[in-house]
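Only one structure is covered here, and it is reproduced in the block below.
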Amino acid sequence: MSRWTMLADLERCVGCQTCTAACRHANATSPAVQWRKVLDVEAGSFPNVNRTFVPVGCQHCADPPCMHVCPSTATRQRPDGIVTIDYEICIGCAYCDVACPYQARFLVHDPSFAYGPAMLSETVRFDDARMGVAQKCTYCSDRIDFGLENELVPGIDPRATPACVNACIADALIFGDIDDPYSNVSKLLREQRHFRMHAEVGTEPNFYYLTGQANGAVDVLPASAPALLQAQSGRVRTRGVEPWHQEHWNWKAAGNFLCGGAGTGLFAVVAITALNGAPPLIGGLLALGTVALGLSLLAFKIGRPFRFVQVLRQPRRSWMSREAWVAGAFFPVALVAVWFENQTLLIIAALLGIGFLICQAMMFYASKGIPAWRVKTIVPLLVATGFAEGAGLFLIVAAFMPDLQPFAEPIAVALVILVSARHLAWRVYFDELGRDGAPTKTLEIYGVFAPWFLVTGLVVPLWLVAPGFVLPSFAPALFALAGLMTLVTGWIFKLILVTRAGYNQGFALDHTPVRGFGAAGPSVKPGWHSH
Amino acid sequence: MPVSKPRDERTVSSYCYQCVAGPDLLKVRIENDVATEVAPNFDAAKVHPAGGKACVKAFGLVQKAYTPNRVLYPMKRTNPLKGREHDPVFVRISWDEALDLVAEKLNAARAAGVNDEQGFPRLAASFGGGGTPTAYMGTLPAFLAAWGPVDMSFGSGQGVKCYHSEHLYGELWHRAFTVAPDTPLCEYLISFGANVEASGGVCGVKRHADARKRGMKRVQVEPHLSVTGACSAEWVPIKPKTDAAFLFAMLYVMLHEHRRERLDLVFLKERSSAGYLIAPGGFFLRDPQSRKPLVYDLKSGKALPFDTQGMRPALEGKYTVDGIELGPDSELTEHSKAIVQPAFAHLVAHVKDYTPEWASAICDVPAAVIRRITNEYLEHARIGETIEIEGVTLPLRPVAIALGKTVNNGWGGYECCWARTLIACLLGALEVPGGTLGTTVRLNRPADNRWSSVKPGPDGFMEYPMNPTGKNEWLSQPTVRSAHRTLVPLIANSPWSQALGPTHLAWMMQDEDFDQLPQASTPDVWFVYRTNPAISFWDTKRIGEIMAKFPFTVCFAFTRDETNHFADVLLPDCTDLEGLQLLRIGGTKYVEQFWDHQGFALRDSAIPPQGEAKDFTWIATEIARRAGLLEKYNEAINRGAHGIRLSGPSFDFSLAADQVHDVETIWDATCRAASAELTDGVESQGLAWFRENGFRVKPFSRLQWYLYPKVVETGLRFEQPYQERMLRVGKELGRRLHERDIHWWDRQLEEYEPMPHWRDLAALWEDALVKHYQVRIEDYPFWLITARSMQYSWGNNVTIQLMKELAGNVIGHGSVVMNESAAARLGIADGDLVEVRSPLNSTKGPVVLCEGIRPDTLLIIGQFEQWETPFAKDFATPNMNALVPMLLDLTDATGSSADLVKAAVTRVGRAA
C-alpha cells in the first residue's frame, strides 16, 4: 500500500508563495484561506541572524488528532494516509481546529471574495458546501486518484501531483510514496538530514522537512539552542510563527463547559442528598437546565447548526460524540429520576452526569493543538472543578430552600474538600505546563490568574465556610457565598482556559537548514516557555 | 471527500512576462469561457530552464482579468484642468471617438513635422518594466516604426531603479546588458545586493536552489537580510553604498597578499589588456607605424604591438621604450625612451592603499571577514582547470560576483562594475564556465545574439557603438529630451538607448534650465503603457506636476492609476489572458535565463475581452490607419518590428501593405514565419498549430552562453583592467561640453578614469542633500533603501488582491523595516506607526522590527503609496520614491542614480 508523503526542502525554499498561490487557484479557496503557505521565520540577533522559509499546511498525520476528535466522521484517513474531510457531513464544530497542532484547519462561515462582490472566476468556482465547515488540504487527493486511475505516478507526473508541488519554482516541495523504498521521497530521506515538525506531539506527520546533506557538517548548537529559544519571545521576528490564540471556540463554546461542569456537578450533589432524603426536583431541574443551556450555546455556535445530529456519528473515537451520546442518556434518565424521585435512576443519572463531565474534560485532553488543554492533568482539574462548582451551586440553592438546609453543612464540608482537591489539581496542572513547556502567553495568563485562583478559589471559600459552623444563623448566607466564590472561580478559570489560555502550538524548527555550504543552524521555537 | 465538481474545461497556453525575468510559460484553465486557474506548462518541462514553472505573479492574472476595478471602455477627460487635485472627470466614449481623437492629435503633429522647433520628437512614449511591455503591445512597435522619431526618454524608473551602470559597462566589456553567474557550475558566489530569489524569476530561483544542493557557497553582502541573504550560506551586513570599498579590498588581497600564480596569468596576458604599456600621458603607448598598443616582450626585450605572435608579455616592471601616445581628439605625442609600465603594474599600484583594514572602516565589515572571503574565493577559482562543453574544452572557473541595484547603478556603479569584471579577469573567470557571464545584448547589435555582436574594434577589443565625441561628430543638439547621446557616449544608439537614459533628465529639463541646451518642449502626444512614473520614479511629486503640463496624453489603461490620472484619453487594451501575441523565447536573456533552446511562445487569447477592451494589435492597426500610416505600418510588420520578420531566404508570409489586416491574420502570418524561421523554411504552421502546441523551439548551443569561445575565435581581448577608451571619450566629451560653455556636467566627467578611485559616496550624498535642502545631515541618521519583491511586479500588479495576500506572508511588505535595537533607542515598538522623512518628503507606515537589518538602515519594499489606483490606494503602505530627490549632483556619468537617501524616523502612533 502506498503512503503519500510530502517533503519540504528548507535549503531550497525561497518563500516565494507560488505554492500558496497555486493552492489558492487549484482549490478555489477564499481570500486569505491558505491551505498551503510559507512562513517567514527570523531568529537570532544582529548580525548573527537566520531567516528561514518554512512551508506549512496539513501534515496528513499517521495518527491524526483531527480525525480522532471529529464527532461527525467528516474527517477520515484513507488507506494511503491522506486525511480527508467530507464537507457534506462536517458540522463546523471546529474541534479539529483545536486538535490540530499544525494550524491546518480553516473554518469559513461566510462567502468572501477578492474585491467584495464575486468576480466571474469566483462565481464559477464558488462552492457553498465549503461554508460553515472546516476546510483543509487534501494533498490534492483528486489529482492523485485521477493519476492512479490512469497509471500515473503521483509526485512524478504533474497530473497526479498536488498543485503546490507542481508549482514550486525551487523544487522545494517533493511528493511521493514513503512506503516505496525506491521512491523519490524515500531516497531523499535516506540522503538528507530531516525532521518532522512538533514530533514531540506524537501525531506522526507524513510531512518531512529536509535541511541539507546528511554527510555535511551538522552543527545544531545544542548548548546555545535553549538560549536562542528563550530569546525569541522578545527579540526575534515571530509574527505568524509563535503560538496565537485559537479563534473558533469562543465564550459560547466555553459556556458548554461552564454549564456542563457546574450542572453535572450539581446533579451529583442533588443525587447524593436525595439518597439521604432531600427533595431532588428543584436542584435536579436546575442542574439539567444548566447543562442544557451549555449545550444550546454550543449548538448555536457551530458552523452548520442544522447538522447538529451528525455529532452522534463517531462515539468510537470522539469525546464530543461521546459527550452527545451521554447527554442523550443523561437528560431523560435524570428527568425521570428527579420527577419520580427514583433513587436507582438518580444514581444512574448522576453517574451519567459524571460521565458527561469526564467527556468534557477528555475533550480538552484530546485537543492536541492546544498545549494548555492537551495535558493529562487537565482531566482531574476539570472534574474536580465540576464537582466543586456543583457543591457550590447546591449551597446557593440551599440558601433559598429551607428543605435543603439540613444538607448544607455536610455539603459545605464537601465543598472544603472539593476546593482543596481542585486547588491541588490546579497546582499539579500548572506545574506540568511549566515543566513540560507551554506557550509563553498561556503561562503569562495563568501567572496573572494563579493568585486569584488561590484566593477566590480556595482561601475565601474556606474563610467563609469556617465561621458558618460556629455562627449557625449566618451559615446559609456564608455557605452560599462560599459556593458562589467557588462557582465563579471555576467558571472564570474555564472561561480563561478556553478564551484566553488557548494558544495553539505555533510553528517550530528542529534546526534551520544548511544553505549550500556550512552548518545547519539552531532550533527555533518562538513564543514558548521551556526548561 | 474533496470537492470535485465536473467542469466544462480546457486549457490554453500563455506566458507571463510581467517582469524582466520572464517569460514564464503557463497554462490557463478555462471553465465555461472563464479563466479559473493558472498552472505551469509542463509541456515545456524539457525545454524551459525551470521546467515550465511559472512565477507567483502569473497567478494574479486571473484576478487581473476579472477585477471590477478595470477600465473597460474608452474614456476621455472632460475637465481641462490637470493636476493631482483635479478630478479628470473621465466619461465613456466609443472606440471610434477615442481613436479619432488620438488620430486627430497625431495627424496635427505630423502635419507640423515629426520633430518640433527644438528638434525634439512631437510624439513621446513611455513603457515600463525593462522592455517587458513589448510582450503585450502586439504590433504597436510597428506603428512606432512607421511613425518615425519617437521620444522614449521620459523614464519611469530607469536609471534609479535599474542596473544602469552594469547595462552600459557590461555591454562594453562583455556584451552583458545584465550580468549573471554561471550558476549551474559556480562553486563560490559573492552577491553584493543581487536579490535573485526575489527578482531572478523561476530560472534564477531554480538554478540557485540546485546550486545550493550542489554545495555552492553564496555570500550575500547587503545591508539587510533579504530573501536572497536568507537563502545564502553567509550574510555580511555591509553599510549601504560602500560595496566598492569591499571590492577594492578584494583586489588588494588578490594583488598584494598572494603569489601571482594564484591569478590566471595566461588569461591576463592573452585575453586582457593587462600587458598594454601605459604612456606618460595616461593613454596606451603605441607603435608609431601601426598605432597599435605596445606590449613589452620579455623574450625579445622589446616593446611590440599587442598582437605580435610568440611574445612573452610582461605584466609588471618598468621599461624604457619609444612609442607614440594618442590622446583625445587624436592628439599625438611622441615618446622617446619613455619609462613605462604595463597596465597590470598600474593596477597593482592603483589598489595598494585599498587594504581590508581601510575598507573595514568604510564598509563596517571586519577586515578579517573581507580577507577570509577573498581567500575562499581564490581557493575556489581552480586556475588552470578546464571543462568540456559540447565537445569544446573551455576554462572552468567556478567563482563569480553578482551585483544588485543600488550597487551597480548611480555613483559607485562604475567602481563596482569595474572591480567585479576585473576580478573575473584576474582569475580568468570572465565569460567562461562557472564564472561571470553576460546574459543578453541591448545596446550592441544584433540584439538577439551575443556572439554575433562580437566584432573587432580598436586595440584588440570588441567594437562598441559609442556616441561620437569627436570635434565635428559630437551631437551638440539632443535628439530627445534626455540629451542621452549628447551627454553619455556609452549609452550608444540602439532602440534601447534613449529608454535607458539619463531618463530623469527628460523630466528635469521640463522644469529646470540646463544652460546652453535648448529648453525642452512638452511632447504633443505622449503614449503611456504598463508604466506609472507618477509612482515608480524618484521625486514622484515633481514628476506628477510635470506630466500635468503635457497637452495630450494617451494611456493604455487596465485600471485607473496615478499617471493616467493626467491622461486625456484612456484606451482599455486586453489584459494578459485576453490578448494574442507570439513572442521570441529562449537563448540567453536577462537575469538568469540561459536556455538550451530558442524559439517562440504564443500568448493565446484565453478568454473573451471584458467590456470593450481591445487587442493591442487591433488598436495599433486602427491608430496606424487613422494616422494615414497603414502602408508603412504593414511594411514595418513585414520587417519584423513586432518581433518576427515575415520573410526570409526561403519563406515569405508578408502581408499586403495597403490593406487592413485583422489581429488573427497578422499573428497567423507571424506564426508561419516563426515556424519557417525555426525550420529553415521547411515548415510553416500558423496560429492554429501554436494554439494547439503553445510554443515551438529548436536547440540553442550551450557554448553560446559563454562569450569566451567567440572572443578567442576572433582573437579579441576583454577591455580590462585599463579603461583607456573611456578616458579618451571622457576627455573629448569634456572638451565638447566646455566648448559649448556647458559646465553642469563637470562632476559626471570625473567618472571617466582609466581605473576608478574610491569615492566617498556617503559624503557625496550628504553634501548634495545639504546643498539643495539646507538641512543638518545629522538630523537624517539612517540610510533608507529599498528591495525588490517577487510578488509585486514593481508597481504594475498592486491592484491584484492575491498578490497583496501572498506578499503579506513575506515579512517586510507594507512596512518600514527597522533594526530592533535602533528602534528601541527611539522608543519605537513593533507595529508602531512611523514617519520616515528625507530632506525632500516623508512617508508613513507601520514599522516591522527585526534583527536582519543594520541599525543604521531602514528598508521599504516595493512601489506603493498609490493615491488613485483602485485597491492599492487603500493600502496605507509606505513608499520611498517620493523621498528620493532627483538631483544632477546625484547623477553619475552614465546618467543614473541609486535608489537610496538619508532619512530620519519618528514614531507617530502606537501599534494597534
Heavy-atom distances under 4.5 Å only: say whether [X] touches chain A with side chain, backbone, both or neither.
X        : answer
B:Cys55  : backbone
B:Ala50  : neither
B:Ile607 : neither
B:Val56  : both
B:Glu805 : both
B:Met216 : backbone

I'd like to know if the side chain of A:Tyr115 and the backbone of B:Asn69 have a donor-acceptor N/O pair within less than 3.5 Å.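 Not confirmed, A:Tyr115 side chain does not pair with B:Asn69 backbone.
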
Within the side chain of A:His25, is there an N or O that forms a donor-acceptor pair under 3.5 Å with the backbone of B:Phe59?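 Flag set: sc A:His25 to bb B:Phe59 pair under 3.5 Å.
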
Quick test of your reading of the model: are B:Lys213 and A:Asp171 salt-bridged, counting only N-O distances below 4.0 Å?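 So B:Lys213 does not pair with A:Asp171 through a salt bridge.
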
Leading residue by heavy atom contact count with chain A [cutoff under 4.5 Å; candidates B:Ser232, B:Ala58, B:Ala35]: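 Highest number of pairs under 4.5 Å: B:Ser232.
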
Between the side chains of B:Asn809 and A:Gln34, does any donor sit under 3.5 Å from an acceptor?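 Yes, A:Gln34 and B:Asn809 have a side-chain donor paired with an acceptor closer than 3.5 Å.
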
Give me the atom names and distance for the closest heavy-atom approach of B:Val810 to A:Gly15.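 Here B:Val810 and A:Gly15 meet closest at CG2-O, 3.5 Å.
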
